[in-house]
Amino acid sequence: MNGLTGAYVPGASPLHRLPAGAKLAGLALGCAVLVLLRSPLALAGAAAVVAGLYAVSRVGVTAAWAQVRPVRWFAVALFGMQWIFVDLTGATTTTLRVVVAVALAGLVTITTRTSAMMATLERCLAPARFAGLDPFRLSLLLSLTVRSVPVLAELATRVREAQRARGVERSLRAFAVPLVVSALRHADALGEALSARGLDD
């Protein structure tokens, strides 16, 4: 299942060797801490910690930037909206919180094989069998959801750049239609990949 999105970056860093369960637990804890941090200075410190973790992972600047690049325009829009309706401190805090959380989630996905993530999720979801649900398929669904978020964000970025090149960046239709078509094509390709692996039911 590793090749469905290509998010994983092979490596031998301590983060790569860390068990998937520990990384997922760390992600949950990290996001909880980010919610509790209330000042831009504290969130800047959290951003420095995440940047340090990227350095430890040795995935490279290009791979690191690819994790937050798709949300850059969303971050700009979020900052502007918060600045207008709240204040500068609130805008900075909220935007930093979102960007750092995305970066942290990206770090987990690029240092964890999909198979390892699925195995961990499947073990955690084992009690779902008592409700008649298949833990494997639930873990697959969650894994694909996590992997699809940056893919869809990247599609939105490409559509926005194409809009800008055509001079129709103000048209909602010119943004929505190509984005939906691209997302459906991605879903179709993903469905074919799953079908080829015997998961078409």
Side-chain angles (χ1 to χ4, degrees), residues 1-11 15-16 23-24 27 30-31 34 43 47 50-51 53-55 57-84 91-92 94-115 117-118 140-197 199-200:
M1 302 299 294
N2 232 23
L4 290 180
T5 64
Y8 175 71
V9 177
L15 285 177
H16 283 84
K23 283 185 276 192
L24 290 173
L27 174 61
C31 290
L34 288 174
L43 285 163
V50 173
L53 291 174
Y54 269 94
S57 71
R58 298 194 293 272
V59 295
V61 176
T62 301
W65 170 238
Q67 305 312 304
V68 295
R69 180 178 180 272
V71 298
R72 65 191 189 281
W73 297 119
F74 171 77
V76 171
L78 177 63
F79 180 83
M81 293 278 292
Q82 288 288 310
W83 194 357
I84 292 173
T92 304
T94 302
T95 305
L96 275 174
R97 184 179 293 122
V98 170
V99 172
V100 174
V102 169
L104 190 58
L107 180 61
V108 172
T109 60
I110 63 177
T111 59
T112 310
R113 293 184 182 276
T114 305
S115 55
M117 188 179 296
M118 282 184 56
L140 175 63
L141 176 63
L142 291 174
S143 297
L144 291 179
T145 300
V146 171
R147 298 289 189 183
S148 294
V149 170
V151 173
L152 294 177
E154 180 64 23
L155 289 176
T157 299
R158 292 178 183 176
V159 171
R160 179 64 68 186
E161 291 174 349
Q163 269 190 291
R164 194 172 294 107
R166 297 197 308 270
V168 290
E169 61 269 19
R170 294 180 179 274
S171 172
L172 179 60
R173 181 180 179 182
F175 174 75
V177 174
L179 179 60
V180 171
V181 171
S182 298
L184 290 175
R185 286 177 177 171
H186 170 68
D188 188 52
L190 188 59
E192 290 179 358
L194 293 172
S195 179
R197 289 163 173 79
L199 295 169
D200 56 335

Using modelled atom types only, decide if a donor and an acceptor are shared between the side chain of S182 and the backbone of L179 within a distance under 3.5 Å.
no
What heavy-atom pair brings K23 and L15 nearest, and what distance separates the two atoms?
NZ-O, 2.9 Å
Is it the case that the side chain of R158 and the backbone of L155 share a donor-acceptor pair, with hydrogens and angles ignored and the cut-off at 3.5 Å?
no
Quick check: closest heavy atoms across L34 and R97, and the distance to 0.1 Å?
O-NE, 2.8 Å
Could you state the interatomic distance from CZ (R160) to CZ (F74), rounded to the nearest 0.5 Å?
13.0 Å
Side-chain heavy atoms of V71 within contact of V98, under 4.5 Å:
no
Nearest-0.5 Å distance, OH of residue Y8 to OG1 of residue T109
11.5 Å
Quick one: OH on Y54 to OG1 on T111, what's the gap to the nearest 0.5 Å?
8.5 Å
Here the pair of heavy atoms bringing T95 nearest to A75 is CG2-O, 3.7 Å
Quick check for you: to the nearest 0.5 Å, what is the distance between T112 atom OG1 and L107 atom CG?
8.0 Å
Could you go through the side-chain contact (heavy atoms from CB on, under 4.5 Å) check for V181 and R185 one step at a time?
CA-CA 6 Å; V181 171; R185 286 177 177 171; 3.8 Å; yes
Report the distance from atom CG of L104 to atom CG of L53, rounding to the nearest 0.5 Å.
7.5 Å
For V100 and A47, the nearest pair of non-hydrogen atoms, with its separation, is CG2-CB, 3.7 Å
Would you sort out whether V59 and H16 count as a side-chain contact (heavy atoms from CB on, under 4.5 Å), showing the intermediate values?
CA-CA 10 Å; V59 295; H16 283 84; 4.0 Å; yes
